[in-house]
Undergrad: 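Please find one structure pasted underneath; my questions will follow.
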Amino acid sequence: MNAIKNIKGTHDILPDEVCKWQELEKIVRNICSQFGYHEIRTPVFEETRLFSRTVGEDTDIVSKEMYTWEDRDGKSLTLRPELTASVARSYIQHNLNVKAQVQRLYYIGALFRRERPQKGRQRQFHQFGVEAFGSNNPEQDAEIIGMAWRILSVCDLNAETTLHINSIGSQECRHKYRIALKKYLNPLKGDLSDTSKKRLETNPLRILDTKIEKEIDILKNAPNISEFYSDNDKTHFEQLKKLLKCLRIPYTINNRLVRGLDYYTNTVFEFISDKVGSQNALIGGGRYDNLVESIGGKTTPGIGFAAGMERFIIAMDKTGRIFKQPKPDVYFICLNEISIKTMISISMKIREIGFTVISDPLRRSLKSQLRDANRLEASFALILGETEIERGTLCLKNLKNGSQEEILQSEILKYFNSLGT
Ligand code: HAM
């Protein structure tokens, strides 16, 4: 049989890499809790209509990237391509609005999109993200952007990332802007790509996202969304900018930033890295004041962001960050069969007081086991040979400085306790 391999666009995260993920997760959990956010975990699959209604039928995600299947009872199910909709569904279903007027939630998990795999873009990828429900004030936007900035800063990434922000206004503003943009682009339709021609009919704002030079040129003279803001849209955006200044978070206004999901209103933002190649959006987010209502909840404003963890790790690696690999404190070397019982019971007791102990289940020679202990960068080797068994002792070798001493087995816990964990 041919060897079975993982599916294209998915990755194994091997033990050498896992320490990076654990470090990032620890940073995320610490900062989320400093801001009063609590973790939420939702299922990896949901009803398909949850995503088609919120993310939007015409978006790339829903129209071509979802893993969707018909379940045995005929229901259409989908592996979650993002988490905001799932979290909003859970917020409504469990009446979280009753528990607290402002619900602050965070998540870490796997997502699925059938995109063309490349560096920083996978079919199964991971995000951490935050969502805050209940406030439509700009200080909530500033809190969310501030959290993203704090996480980037603790990961040593804020010097190389630029915050792009935009307001895509209220529904009314976008309606007027859509008409104006269509009016401007219609006579130039012949110069647009097939995708943009289609978007001109379905969702003209998405054309602003184009990476094609010729289209970028055409858009230079297009009307700007800011001309269509209502007074509320304007005030909200102005206040947010002031709060970002107060937090000393540098930003660039990018009126072409629209984001690829339909649920956004007003504030949208992305943190773009200049070090990770073409898949350079480390974090994307925005406000979604109509999302909860659109899936049957009470009108509830909300804002959040999500970050691609694979991209974060590529960027953190590039900074030369040293990730700590866990190393054993003790490598217990047992040299004959009769001492195995003594070894496993002492090992367990040393673990119970907080140390990492490993031993060799292959019954190899002293030399091989010492080599293994050094390879793993253990701090100590505890050696139990015939002499030690007879004398009720252990040979304790400090592998960092080479010193060696004999310790009574009954004293060994006292010794490790005196070191502290
Ligand atoms: P998104 O922009 O689709 O937004 O994804 C957020 C981040 O996830 C991206 O900036 C990127 O870092 C990462 N990402 C997306 N697709 C892939 C992929 N195929 N491979 C690797 N990384 C990827 C959302 O998902 C929204 N739910 C964000 C949000 C939360 N808005 C409000 N709250």
Side-chain angles (χ1 to χ4, degrees), residues 7-11 13 24 28 32 37 40 42 46 50-51 54-56 59-62 64-67 79-89 91 103-133 140-141 143-145 147-148 151-152 155 157 161-166 168 206 209 257-273 275-292 301-316:
I7 306 292
K8 184 176 170 193
T10 68
H11 284 267
I13 304 170
L24 178 57
V28 169
C32 286
Y37 283 64
I40 182 163
T42 61
E46 300 268 1
L50 173 65
F51 304 112
T54 55
V55 176
T59 58
D60 287 350
I61 296 177
V62 173
K64 44 186 190 203
E65 294 169 2
M66 293 202 307
Y67 286 94
L79 286 182
R80 60 188 187 194
E82 64 107 48
L83 260 152
T84 311
S86 307
V87 172
R89 194 249 330 120
Y91 171 85
Q103 268 294 347
R104 298 181 171 90
L105 304 167
Y106 83 90
Y107 48 80
I108 299 176
L111 292 305
F112 309 86
R113 296 185 193 173
R114 202 179 192 291
E115 295 193 79
R116 194 170 51 77
Q118 63 181 98
K119 192 169 174 217
R121 188 164 74 190
Q122 295 179 196
R123 291 181 173 173
Q124 176 176 334
F125 63 101
H126 300 79
Q127 286 183 344
F128 63 83
V130 304
E131 312 291 350
F133 295 91
Q140 183 67 76
D141 305 33
E143 176 178 288
I144 290 283
I145 296 174
M147 283 177 87
I151 294 172
L152 284 165
C155 294
L157 296 176
T161 42
T162 313
L163 166 61
H164 290 244
I165 56 168
N166 188 19
I168 55 166
R206 285 299 312 280
D209 245 1
L257 178 69
V258 284
R259 310 256 311 121
L261 304 98
D262 280 356
Y263 50 62
Y264 291 114
T265 52
N266 293 95
T267 313
V268 288
F269 59 93
E270 278 180 359
F271 283 90
I272 306 290
S273 160
K275 297 263 162 64
V276 296
S278 65
Q279 298 308 308
N280 58 3
L282 292 186
I283 299 179
R287 194 162 258 297
Y288 43 81
D289 292 346
N290 304 323
L291 171 64
V292 172
I303 178 164
F305 71 74
M309 297 180 75
E310 283 79 6
R311 294 184 195 179
F312 252 71
I313 284 165
I314 295 172
M316 285 163 87

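Throughout, numbering of the chain's residues begins at 1 and tracks the sequence. In each ligand, atom 1 is the first atom listed, and ligand 1 is the first ligand listed.
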Undergrad: Taking atom types as modelled and ignoring hydrogens, do the side chains of Tyr288 and Thr84 form a donor-acceptor contact shorter than 3.5 angstrom?
TA: no
Undergrad: Are any protein N/O atoms closer than 3.5 Å to the N/O atoms of ligand 1? If there are, list each pair with names and the distance to one decimal place.
TA:
{"unit_1": "ligand 1", "atom_1": "2 (O)", "unit_2": "Arg259", "atom_2": "NH1", "d": "2.8"}
{"unit_1": "ligand 1", "atom_1": "2 (O)", "unit_2": "Arg259", "atom_2": "NH2", "d": "3.0"}
{"unit_1": "ligand 1", "atom_1": "3 (O)", "unit_2": "Arg113", "atom_2": "NH1", "d": "3.0"}
{"unit_1": "ligand 1", "atom_1": "3 (O)", "unit_2": "Arg113", "atom_2": "NH2", "d": "2.9"}
{"unit_1": "ligand 1", "atom_1": "4 (O)", "unit_2": "Arg259", "atom_2": "NH2", "d": "2.9"}
{"unit_1": "ligand 1", "atom_1": "5 (O)", "unit_2": "Gln127", "atom_2": "NE2", "d": "3.2"}
{"unit_1": "ligand 1", "atom_1": "8 (O)", "unit_2": "Gln127", "atom_2": "NE2", "d": "3.1"}
{"unit_1": "ligand 1", "atom_1": "10 (O)", "unit_2": "Ala281", "atom_2": "O", "d": "3.2"}
{"unit_1": "ligand 1", "atom_1": "12 (O)", "unit_2": "Ala281", "atom_2": "O", "d": "2.8"}
{"unit_1": "ligand 1", "atom_1": "12 (O)", "unit_2": "Leu282", "atom_2": "O", "d": "3.3"}
{"unit_1": "ligand 1", "atom_1": "12 (O)", "unit_2": "Gly308", "atom_2": "N", "d": "3.1"}
{"unit_1": "ligand 1", "atom_1": "16 (N)", "unit_2": "Arg113", "atom_2": "NH1", "d": "3.4"}
{"unit_1": "ligand 1", "atom_1": "19 (N)", "unit_2": "Glu115", "atom_2": "OE2", "d": "2.7"}
{"unit_1": "ligand 1", "atom_1": "19 (N)", "unit_2": "Gln122", "atom_2": "O", "d": "2.9"}
{"unit_1": "ligand 1", "atom_1": "20 (N)", "unit_2": "Gln122", "atom_2": "N", "d": "3.0"}
{"unit_1": "ligand 1", "atom_1": "25 (O)", "unit_2": "Arg113", "atom_2": "NH2", "d": "3.2"}
{"unit_1": "ligand 1", "atom_1": "25 (O)", "unit_2": "Gln127", "atom_2": "NE2", "d": "3.1"}
{"unit_1": "ligand 1", "atom_1": "27 (N)", "unit_2": "Glu82", "atom_2": "OE1", "d": "2.6"}
{"unit_1": "ligand 1", "atom_1": "27 (N)", "unit_2": "Thr84", "atom_2": "OG1", "d": "2.8"}
{"unit_1": "ligand 1", "atom_1": "27 (N)", "unit_2": "Tyr263", "atom_2": "OH", "d": "3.0"}
{"unit_1": "ligand 1", "atom_1": "31 (N)", "unit_2": "Tyr264", "atom_2": "OH", "d": "2.6"}
{"unit_1": "ligand 1", "atom_1": "33 (N)", "unit_2": "Thr84", "atom_2": "OG1", "d": "3.3"}
{"unit_1": "ligand 1", "atom_1": "33 (N)", "unit_2": "Glu131", "atom_2": "OE1", "d": "2.9"}
{"unit_1": "ligand 1", "atom_1": "33 (N)", "unit_2": "Glu131", "atom_2": "OE2", "d": "3.1"}
{"unit_1": "ligand 1", "atom_1": "33 (N)", "unit_2": "Gly304", "atom_2": "O", "d": "3.4"}
{"unit_1": "ligand 1", "atom_1": "33 (N)", "unit_2": "Phe305", "atom_2": "N", "d": "3.4"}

Undergrad: With sequence neighbours left out, what residues match Arg113 under salt bridge (Lys or Arg N to Asp or Glu O under 4.0 Å)?
TA: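 If we apply the salt bridge (Lys or Arg N to Asp or Glu O under 4.0 Å) test to Arg113, skipping adjacent residues, there are no hits.
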Undergrad: Which class fits the ring pair Phe312 and Phe128: parallel under 30°, tilted 30 to 60°, perpendicular over 60°?
TA: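 Ring orientation of Phe312 relative to Phe128: perpendicular.
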Undergrad: Specify the closest pair of heavy atoms between Ala88 and Phe133, including all atoms of both residues, with the distance to one decimal.
TA: CA-CZ, 3.9 Å
Undergrad: By salt bridge (Lys or Arg N to Asp or Glu O under 4.0 Å), which residues pair with Glu310, not counting sequence neighbours?
TA: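 By the salt bridge (Lys or Arg N to Asp or Glu O under 4.0 Å) rule, Glu310 matches no residue at all.
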Undergrad: Sort and list the pairs that fulfil salt bridge (Lys or Arg N to Asp or Glu O under 4.0 Å) and have at least one residue in residues 257-269, not counting sequence neighbours.
TA: Arg259-Glu270
